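Indexing begins at 1, ligand by ligand and atom by atom, following the structure's order. All figures in this text were calculated on a predicted structure; none of them were measured in a lab.
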Amino acid sequence: MNTKVTLAGVEFKNPVTTASGTFGSGAEYGELVDLNLLGAVVTKGVANVPWPGNPTPRIAETCSGMLNAIGLQNPGVDVFIERDIPFLRQFDTRIIVNVCGKTTDEYIETVERLGDTDVDMLEINISCPNVKEGGIAFGQNPKAVEDITRAIKAKARQPIIMKLSPNVTDITETARAAEAGGADALSLINTLTGMKIDIERQTFALANKTGGLSGPGIKPVAVRMVYQVANAVKLPIIGMGGIRNAADAIEFILAGASMVAVGTTNFTNPYATAEIVQGIEDYMRRHNVEDINDLIGLVK
Ligand SMILES: Cc1cc2nc3c(=O)[nH]c(=O)nc-3n(C[C@H](O)[C@H](O)[C@H](O)COP(=O)(O)O)c2cc1C
């Protein structure tokens with residue numbers, strides 16, 4: 001049975017990875033999950049300098065999911081290179097580094113610093129607020145997506161995955177823009193903007209007022225978007241949004257994802273990633289599937 005998939009020339013032992021920001025940079029979860037079992041680890045977002053993140057409270061539970069407004073708190077690329085890459089390199093898994101920035105130059109500075117390191121791919125989070133555009137995320141405007149993709153691709157030494165925002169009217173427009181800009185792969189979806197009000201305190205549940213909705217409740221939206229994008233562009237896709245188990249992962253693969261990422265579920269079941277690797281193999285055995293690649297985009 002073959003569970004190997006290849007994205008942009010990089011081979012993964014299986015299609016299961018972690019969603020950025022939900023698995024630390026591997027060390028915390030490495031005590032619970034054998035990272036050697038995973039196709040890849042996607043790190044939390046890293047910027048050119050340390051970011052303090054947003055004021056608290058910055059997470060809130062919702063029906064079948066959660067809202068977060070962490071604000072991409074991170075220790076900066078220098079600490080990341082010194083501390084996190086050597087840790088992850090001990091394992092037989094691919095490393096995908098998630099990159100964030102407030103200007104194109106900030107993204108490029110981080111991408112260039114990572115260029116000399118031993119990481120396999122870069123995932124560019126274009127849901128970060130773009131200060132030059134008054135805080136609107138790069139990922140919400142197709143022209144901005146194409147421009148930033150082209151600018152990063154010109155400097156990147158590793159293949160780049162553009163991570164798309166679902167907070168748009170037509171996600172195929174931003175997907176096509178990333179493809180036109182030279183992206184090697186796409187990942188989707190990031191969180192959906194939401195709000196929760198604490199009626200006892202009569203104020204917002206999050207200090208940031210709004211936050212990103214994630215977890216099982218968003219899965220049908222994510223599957224729909226993966227299907228649309230898979231049928232609009234030629235690039236390979238990492239699908240995510242509410243995946244809890246192997247059945248959910250298979251849904252994304254049948255919709256057109258070459259890989260899947262597990263996010264919010266890590267908080268309720270820290271073993272989920274390893275269980276999903278096993279569950280996909282069980283599914284393949286039950287359905288006499290010899291090669292996982294035969295399942296990608298099977299449902300038309
Ligand atoms: C607490 C938290 C932190 C996150 N941090 C990042 C991040 O740093 N960069 C990024 O691209 N996405 C980030 N995300 C989005 C996830 O990677 C993922 O796209 C989204 O949560 C949908 O998947 P899920 O429903 O399985 O969590 C974060 C999500 C959560 C819940």
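- Distances from atom 24 (P) of ligand 1 to the heavy atoms of A19, A261, G242 put G242 nearest.
- Applying the 4.0 Å criterion to heavy atoms of T264 picks out, from ligand 1, the atoms 24 (P), 25 (O), 26 (O), 27 (O), 31 (C).
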**Request:** For side-chain contact (heavy atoms from CB on, under 4.5 Å), just list the numbers for K153 and D184, CA-CA rounded to whole Å, side-chain angles, deciding distance to a tenth of an Å, and then say yes or no.
**Result:** CA-CA 9 Å; K153 182 64 190 166; D184 297 291; 2.9 Å; yes

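- Remark: minimum distance from atom 12 (N) of ligand 1 to any protein heavy atom is reached at K163 NZ, 3.0 Å.
- Geometrically, ligand 1 and G263 share a nitrogen or oxygen pair separated by less than 3.5 Å.
- Across all their heavy atoms, S258 and P15 have their closest contact at O-CB, 3.4 Å.
- In this pair, F23 and Y29 present their aromatic rings parallel. The plane angle is below 30°, not in the 30 to 60° band.
- Ligand 1 has no N or O atom lying under 3.5 Å from any N or O atom of F267, backbone or side chain.
- When hydrogens are left out, the protein atom nearest atom 6 (C) of ligand 1 is S20 O, 3.2 Å; that is the closest non-hydrogen contact.
- Nearest-residue assignment for atom 15 (C) of ligand 1 (options V99, L188, N190; heavy-atom criterion): N190.
- Side-chain contact of N167 with T193: a donor-acceptor pair under 3.5 Å is present, judged by distance alone.
- Every atom of ligand 1 is numbered from 1 in the order shown, and the set under 4.0 Å from a heavy atom of T191 is 20 (C), 21 (O).
- Contact between P166 and I171 at its shortest, heavy atoms only, is CA-CD1, 4.3 Å.
- For ligand 1, the polar-atom distance check against G215 finds a nitrogen or oxygen pair separated by under 3.5 Å.
- Neither the backbone nor the side chain of N74 comes within contact range of ligand 1; no heavy atom lies under 4.0 Å.
- Of all the atoms in ligand 1, the ones that sit under 4.0 Å from a non-hydrogen atom of N125 are 9 (N), 10 (C), 11 (O).
- At least one heavy atom of L72 lies less than 4.0 angstrom from ligand 1.
- Taking a cutoff of 4.0 Å between a charged side-chain nitrogen and a carboxylate oxygen, E109 and R113 do not qualify as a salt bridge.
- If you check which protein heavy atom lies closest to atom 29 (C) of ligand 1, you get N68 ND2, 3.7 Å.
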**Request:** Evaluate the criterion side-chain contact (heavy atoms from CB on, under 4.5 Å) for residue pair L188 and M240; output intermediate values, then yes/no.
**Result:** CA-CA 6 Å; L188 61 144; M240 73 199 82; over 6 Å; no

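- Counting heavy atoms from C-beta outward, I280 and I292 have side chains that approach closer than 4.5 Å.
- Residue G45 has at least one heavy-atom neighbour below 4.0 Å for each of these atoms of ligand 1: 8 (O).
- A salt bridge between K143 and D147 is present, with a side-chain N of the basic residue lying under 4.0 Å from a carboxylate O of the acidic one.
- Those atoms of ligand 1 that come under 4.0 Å of a heavy atom in M240, given as number and element, are 18 (C), 19 (O).
- What sits closest to atom 11 (O) of ligand 1 on the protein, heavy atoms only, is N98 ND2, 3.0 Å.
- Minimum interatomic distance between P159 and D120 (heavy atoms only, all atoms of both residues): CD-O, 3.4 Å.
- I59 and F204 are assigned to two separate hydrophobic clusters, defined by single-linkage of ILVMFWY side chains at heavy-atom distances under 4.5 Å.
- Protein heavy atom at the shortest distance from atom 3 (C) of ligand 1 is G21 O, 3.4 Å.
- Protein heavy atom closest to atom 21 (O) of ligand 1, with residue, atom name and distance, is S214 CB, 3.3 Å.
- With 3.5 Å as the limit, one finds no donor-acceptor pair spanning the side chains of S165 and Q140.
- Of the protein's heavy atoms, I189 O, 3.7 Å lies nearest to atom 22 (C) of ligand 1.
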